[in-house]
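One structure is given below, encoded as structure tokens.
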Protein chains: 2
Amino acid sequence: MSSTQKLLAGCAAWALLASAGAASAMDKEWPIYGGNYANWHYSTLTQINKDNVKRLSFAWARSLGNAFSQETTPLVIGDTLFVTSANGPQYVMALDAATGAIRWKVELEMPAGVQQYACCGVVNRGVAYSDGMIYVGRLDGAISAFDAKTGEEKWTTEIVDYKQGSVITSPPLVVKDLVISGFGGGEYGARGYIVALDKKTGKERWKTWTVPGPGEPGNESWKGDSWKYGGGTVWLVGSYDPERNLAYFGTSNPAPWAAHVRGPNTSDYGPFTNKWTAATIAINPDNGAIVWGFQGTPHDAWDYDGVNELVLVDIDVTGDGRPDPVGLKADRNGFFFVLDRITGKALKADPFVYTNWAKGFDLAAQRPIEDPAKRPGLKKRAVDICPNLIGGKNWMPMAWSPDTKLVYIPANNLCMDMEDSEVEYKRGSFYLGKDFPTKPGPGGYLGELIAWDPVAGKKVWSIKEKWPFNGGVLATAGGLVFAGNYAGEFRAIDAKTGEILWKKQLGSGIHAAPATYEAGGKQYVVVAVGRSETIPGFLGEIGRQMIEAQPTGGMLFAFAIE
Amino acid sequence: MSSTQKLLAGCAAWALLASAGAASAMDKEWPIYGGNYANWHYSTLTQINKDNVKRLSFAWARSLGNAFSQETTPLVIGDTLFVTSANGPQYVMALDAATGAIRWKVELEMPAGVQQYACCGVVNRGVAYSDGMIYVGRLDGAISAFDAKTGEEKWTTEIVDYKQGSVITSPPLVVKDLVISGFGGGEYGARGYIVALDKKTGKERWKTWTVPGPGEPGNESWKGDSWKYGGGTVWLVGSYDPERNLAYFGTSNPAPWAAHVRGPNTSDYGPFTNKWTAATIAINPDNGAIVWGFQGTPHDAWDYDGVNELVLVDIDVTGDGRPDPVGLKADRNGFFFVLDRITGKALKADPFVYTNWAKGFDLAAQRPIEDPAKRPGLKKRAVDICPNLIGGKNWMPMAWSPDTKLVYIPANNLCMDMEDSEVEYKRGSFYLGKDFPTKPGPGGYLGELIAWDPVAGKKVWSIKEKWPFNGGVLATAGGLVFAGNYAGEFRAIDAKTGEILWKKQLGSGIHAAPATYEAGGKQYVVVAVGRSETIPGFLGEIGRQMIEAQPTGGMLFAFAIE
């Protein structure tokens, strides 16, 4: 079985194996950022389980070379682990997965000053792998391909001019012979698009604007020329359903944040939905055609960026006794959406955190039911809007366990006031037009790890966290959920009950999602540590306290049962 | 027993306890950089020992906030651990010694650009403690005092103008009511001195030039005005013998490195010994009077900086059956000196690494027997000089075990060619005058952890290391030696045999010395990780390989038996 076949087979075959509780050679790896194409962040490995996790021990550490904003999740292919770092020099390292020893390390040369175009952290979330090649999105708007064995650079292709405010921080999605990626820039008035490159040569194969231009369907959802700087960028990971041959990507907030530029800034915004921003889109990976789009926050006025990942599962949501092919999305806007992943229709929409900007989501109209008092505008200050702009969930990955049928969401409990100002587009500069003081959400906690039943649309258990912006999640067939938090605690949690079975203080805030794999007969759990340098700056007094509470970091830690 | 009494009693009482193998409440702490006033880097704790060290587990980590050049050894007073970081912001943190939780953190505000005056790394090696106060040497040439409970700043006193090229990187020595410190600058032509400040008020109590001025004894050892920029700075930790009331400090290389500026640059330099550079001096801490000086490298021409610590032990070197009060010094120049610590006379001098610049050390004349071919000069290239300028041992602490009667030396195996050039003093700039390409020492290894019998003057066992500039050492009554290396391996070693009983990869190079303490009934071993940013720059091609081999780091790791 070739590596390509293995990765391609990943989603369907692996999901079956997972359901059966069986482990194969393939399960020993962590072949893609989300664990599989379906973005489950789940492993069938059981050597580390809820009965023995108390004995989980430190195996090795590897410095990521810089202290700030470590958001990477490693891949493991065979016995090699691939990990990235971005702050300072951006590099890719290949490590012995059992010992952490460095096999190769390549630094990606960056133009001076590229960091100023990373709105929300000079970060990198990892690489993609296919057929002996490693693919990495670069801060300077290019994708590079490396030989996975040697680190030799095979090609580098610029897909966007970073000077417009567009950096790449997430791994591309590799489907068949294509490397598919977007970029950031929703805060700089970039107009989003997705590019597919030939995985062997790096040559462009197709390019699809996420914000339609004149003559394209959806352009009428924009006021005047506002589509030109309309945001809707794709800066996080995609998902892929091989059976339907559909790739799914979230799109960012529209630009500017101030909505009056893009249409009438009222809750009756009519057709001015600003497609496809704050949305999930399904794409035919063969040609880039947008098959459907779903906007969680049409005509967004709150920076409810829609990039959050779509997790593909087959569960019976309709109640007819048959599994439905759906996508799960914990949206920044506070709603947990269950989408029909063939049609893009929301089947369910329930608030998973305290949410008051909308009183609900009208499934018939497929639109949120806004509270007009919570929509900010020019000279109109809306107060106590929940969630705040970092959202009920930010980019940190949630995990799905096919064993518990629960999804584990690293949630935030923050609110805000918000008021708009006039703003003009200037290339490469922030294009926002907002004042947005942060306030704590109700209940005396700022974050929450939520075990969510997507069929019932209900919380099953949760762990309240002192701080927001906590770490991504990993679920395993060992009955465990692994999650770090901003306070630096890395925990193994009973997936069914939420009981914390094991925890260690890793010295800095944890944002990244852990991964797990088997090497040399031993199961390892790895997690990158190092708090965000940039995000606290968006959070006022709470952010100041976050900076005080936690030094920056920069290590990859590996644990195993010894 | 007050904290002051505890610290004062430290040396004598603690040493006695150590000899007896007993442990008291006092032994649970790590009250001073070197473990005790005698700089043993030894603990009487035995909970972690050679029988159970295989079960040594990760307890917690705490990020030091920056990736580079971590050289700190924490103190532990009661249940609080005090640790510093210097690269980026310089700060002091107080942690819960059992959990690593932050109790307070203070950042020392630094003038912009101070880093350019740190020749050999923007580093800090830790704090001193006395009577509820924490004292820290600052990069900007000042000492600050903080309330140990709250972190409240009590006073800050500038002791040197950093703009002459003088930063402070090591903890002061607190003796009675005085805080005693020197500073760096031997590479910038600073003229060394030591200052004592009142520990309550920070007011200067005395100041002693290490390089004597006109009219002072020793000034005749300098050619012309060369004493004015003569180096001999004191930038590392001191030792203290309470019984003799003598404080011991090493002094740096003379400045400039090129010797012809300071006297006739031949092996017959006559009286031009350049006192007190490349020396150890004994000081009366009450008034700063220099009681004696011993120059390991008179009229130094190799940058054989003499700062290395003096380790105070009572052992029978003379063979009369009675313990002699001596000081042990593993000099950069390759000789292991056993000094009578009352008179400053060398009783023994044996090369502990491959050494060829001198054929031996004449104990009668108290001078090295130079090989004239190995003395570099203007238009005189000396080749294959061993050791090289980072020395047989650099600043990393060695440890003494009263159980094995061995000293454990983190040694380097490097040689060099060297040639001088004309050089002029310019305030705040490097004042060197040397070309010094590095070469590997003989035998195919670049470093070595050596167990040394100071009475026999012989190596007992050693561990050869791939890289130089390895970590400081800790010895314990548990029969163990703890030492990290540049490759990032942290090891527990059988103190008698040199067998590696346990090791973990900590992700970046280790330079700092570990410490150990007991908190909440559990013994912890802590070590700071993060390779030097600067030193490889002095080591040519070997340095380039060192940079490639190891990412920078920045974590404090704690281990315990669990």
Side-chain angles (χ1 to χ4, degrees), chain A residues 54-68 70 83 85 87-89 91 93 95-96 98-102 104-107 487-490 502-510 526-531 533 547-562, chain B residues 54-68 70 83 85 87-89 91 93 95-96 98-102 104-107 487-490 502-510 526-531 533 547-562:
Chain A
K54 280 192 196 313
R55 290 194 285 113
L56 191 60
S57 294
F58 174 76
W60 51 263
R62 176 58 58 193
S63 174
L64 299 175
N66 290 286
F68 295 124
Q70 300 296 348
V83 65
S85 187
N87 211 317
Y91 59 78
M93 280 195 293
L95 309 180
D96 181 314
T99 67
I102 299 173
W104 55 257
K105 179 180 169 187
V106 291
E107 184 179 329
E489 294 166 332
F490 186 51
W502 172 94
K503 70 174 177 181
K504 288 290 170 191
Q505 171 58 248
L506 300 191
S508 180
I510 302 171
V526 285
V527 67
V529 174
R531 74 149 165 85
E533 183 183 26
I547 290 168
E548 288 284 304
Q550 194 58 275
T552 52
M555 279 274 175
L556 181 69
F557 285 89
F559 294 88
I561 301 288
E562 298 197 68
Chain B
K54 279 193 196 312
R55 290 193 287 114
L56 191 60
S57 292
F58 173 75
W60 51 263
R62 176 57 59 192
S63 174
L64 300 175
N66 291 287
F68 296 125
Q70 300 296 347
V83 65
S85 187
N87 210 317
Y91 60 77
M93 278 196 292
L95 309 180
D96 180 315
T99 67
I102 299 173
W104 54 258
K105 178 180 170 186
V106 291
E107 184 179 329
E489 294 166 331
F490 185 51
W502 173 94
K503 71 174 175 179
K504 288 290 169 190
Q505 171 57 248
L506 300 191
S508 180
I510 303 172
V526 284
V527 67
V529 174
R531 74 151 165 84
E533 184 185 28
I547 290 169
E548 288 284 304
Q550 194 58 277
T552 53
M555 279 273 174
L556 181 70
F557 285 89
F559 294 89
I561 301 289
E562 301 199 65

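Chain naming here is simple, since letters A, B, ... match the order of the sequence lines and numbering starts at 1 in each.
- The side-chain contact (heavy atoms from CB on, under 4.5 Å) check on Lys503(A) picks up Glu489(A), Arg491(A), Ile500(A), with sequence neighbours excluded.
- Taken from CG in Leu56(A) to CZ in Phe58(B), the straight-line distance is 10.5 Å, to the nearest 0.5 Å.
- Per-residue heavy-atom pair counts under 4.5 Å with chain A were compared for Asn66(B), Leu64(B), Val529(B), Leu506(B), and the maximum is reached by Leu506(B).
- Interatomic distance, CD of Glu107(A) versus CD of Glu548(B), reported as 9.0 Å (0.5 Å rounding).
- Thr99(B) touches chain A through its backbone: at least one of N, CA, C or O sits under 4.5 Å from a heavy atom, while the side chain does not.
- Annotation: maximal heavy-atom pairing with chain A below 4.5 Å, among Gly488(B), Ala61(B), Gly100(B), occurs at Ala61(B).
- Heavy-atom distances place the side chain of Ile102(B), and not its backbone, under 4.5 Å from chain A.
- Contacts of Ala59(B) with chain A are made by backbone atoms alone, with heavy-atom separations under 4.5 Å and no side-chain atom involved.
- With a 4.5 angstrom heavy-atom cutoff, Phe490(B) does not touch chain A via any of its atoms.
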Pair up each side-chain donor or acceptor in residues 549-558 of chain A with any protein partner under 3.5 Å, not counting sequence neighbours, and list the distances.
| from | atom 1 | to | atom 2 | distance (Å) |
| --- | --- | --- | --- | --- |
| Gln550(A) | OE1 | Arg62(B) | NH1 | 2.7 |
| Gln550(A) | NE2 | Tyr486(A) | O | 2.9 |
| Gln550(A) | NE2 | Ala487(A) | O | 3.2 |
| Thr552(A) | OG1 | Gly65(B) | O | 2.8 |

